[in-house]
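The structure appears right after this line, and notes come after that.
Throughout, a chain's letter reflects where its sequence line sits, starting with A, and its residues are numbered from 1.
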Number of protein chains: 2
Amino acid sequence: MLKKIDNLEKYLRDAGIKPSIQRLKIFEYLASTNSHPTVDKIYGALSSDIPTLSKTTVYNTLKLFQKQGIILIINIEDNETRFDADVSFHGHFKCIECGGVEDFPIPEHGKIEALIDYDISEKHFYIKGICANCKKTINK
Amino acid sequence: MLKKIDNLEKYLRDAGIKPSIQRLKIFEYLASTNSHPTVDKIYGALSSDIPTLSKTTVYNTLKLFQKQGIILIINIEDNETRFDADVSFHGHFKCIECGGVEDFPIPEHGKIEALIDYDISEKHFYIKGICANCKKTINK
DNA sequence: GTATCTGCAAAACATTTGCAATTCT
DNA sequence: AGAATTGCAAATGTTTTGCAGATAC
């Protein structure tokens, strides 16, 4: 769960990122949704708000955010890179019916870390299957 | 750990795959290495053996293998799709120094499944960090 | 002889790069 | 003014598609 950010400009500055309009809006959008959007989705969601926005800027910004550690890149499908403003360790569930991606908590992950004696910089866990909604629809 | 396959042709047939030369060699190569190779690596490794091999066939074959459930697609980096002939649940460790990907066992994964009440079709867990070898080199 | 499989060439798509214009301080 | 940021257009790289020839049953 992403913790509430009360001062977004400060949040970015503290991460070493100058808060331009584009950067603020991109992060704000990412933090406001739990849909784990792609570059295309982010661009589409903001281009009416910032008509001059370019995809290059979305790419640049997301790359910068990741470098500075305030977002995670989610690679579930090889043809679909998604982004998450919640950098705490949690699982991702992708529905193979509707394509949606949801979060789920992973309580006892200390045990997983104990399995590896290397230096860990990132941990990812994801599951694919059929979500509750699609399951209902299919059974009709 | 990939179980030993004594009759590869039968293994493919049982999975509903006609064992052409290309398919046999591609699976054989995938099962023989623990490097989790990319399409490019697979193609490069086999093209001297099968000079007429095309990348399209490698793509087609891997897609078929995945559909029939005898390989896994490993998405760790967004610009690098890797493949694994071991479809049992295990973790992947990617070294951010040397780029290598290793397997590691995940013993108590029943607990992870219990966290999700949806129908699960695939489970993936991966970690990034610095491998033992690179750690040694860096400390020099 | 009909189905399937293979592999070339072109197309499609996502991402990156070079660079000029813009913005910020 | 000087440095960083943005955004266009072109380049790159990977994967897919259309189709013709080869192979298998």
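- Using a 4.0 Å cut-off between charged side-chain N and carboxylate O, B:Lys94 and B:Glu102 make no salt bridge.
- Listed here is the closest heavy atom pair of A:His124 and A:Ile73: CE1-O, 3.5 Å.
- The distance between atom CD1 of B:Ile50 and atom P of D:dT23, rounded to the nearest whole Å, is 14 Å.
- A close approach under 4.0 Å does occur between a side-chain nitrogen or oxygen of B:Gln22 and OP1 or OP2 of C:dG7.
- Listed for the B:Arg82 side chain is a donor-acceptor partner under 3.5 Å among the backbone atoms of B:Ser35.
- Nearest-nucleotide mapping onto DNA chain D: of A:Thr52 and A:Lys18, the residue sitting toward the 5' end is A:Lys18.
- In this structure, B:Tyr43 places its OH atom 17 Å from C1' of D:dT16, rounding to the nearest Å.
- One can place CG of B:Leu53 at 13 Å from C1' of C:dC8, the figure rounded to the nearest angstrom.
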Per-nt protein contacts along nucleotides 15-23 of chain C (heavy atom under 4.0 Å; B base, S backbone sugar-phosphate only, - none) come out as BBB------

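- Protein atom CG of A:Leu64 is 13 Å distant from nucleotide atom P of D:dA4, rounded to whole Å.
- When the C1' atom of D:dG7 is taken as reference, atom CG of A:Leu46 falls 15 Å away, rounded to whole Å.
- Separating the CG atom of B:Leu62 from the C1' atom of C:dT6 is a distance of 15 Å, rounded to the nearest angstrom.
- Aromatic pair A:Phe125/B:Phe125: centroids less than 6.0 angstrom apart.
- Summarising the base pairing, C:dA3 is matched to no nucleotide, lacking a Watson-Crick or G-U wobble pair whose two defining distances lie under 3.5 Å.
- Of the N and O atoms on the side chains of B:His36 and B:Asp103, at least one donor lies less than 3.5 Å from an acceptor on the other residue.
- Dashed line: the shortest gap from a side-chain N or O of B:Ser20 to OP1 or OP2 of C:dT6 is under 4.0 Å.
- With 3.5 Å as the limit, one finds a donor-acceptor pair spanning the side chains of A:Asp86 and A:Ser88.
- The side chain of B:Thr57 places an N or O atom within less than 4.0 Å of a non-bridging phosphate oxygen (OP1 or OP2) of C:dG7.
- Along DNA chain C, the nucleotide nearest B:Ser54 and the nucleotide nearest A:Ile21 are compared for position; the residue whose nucleotide lies closer to the 5' end is B:Ser54.
- The nearest whole Å value for the distance from the CG atom in B:Asn75 to the P atom in D:dT14 is 15 Å.
- Looking at B:Glu80 and B:Lys41, no side-chain N of the basic residue comes within less than 4.0 Å of a carboxylate O on the acidic one, giving no salt bridge.
- Atom CG in B:Leu12 sits about 14 Å away from atom C1' in C:dC5, given to the nearest Å.
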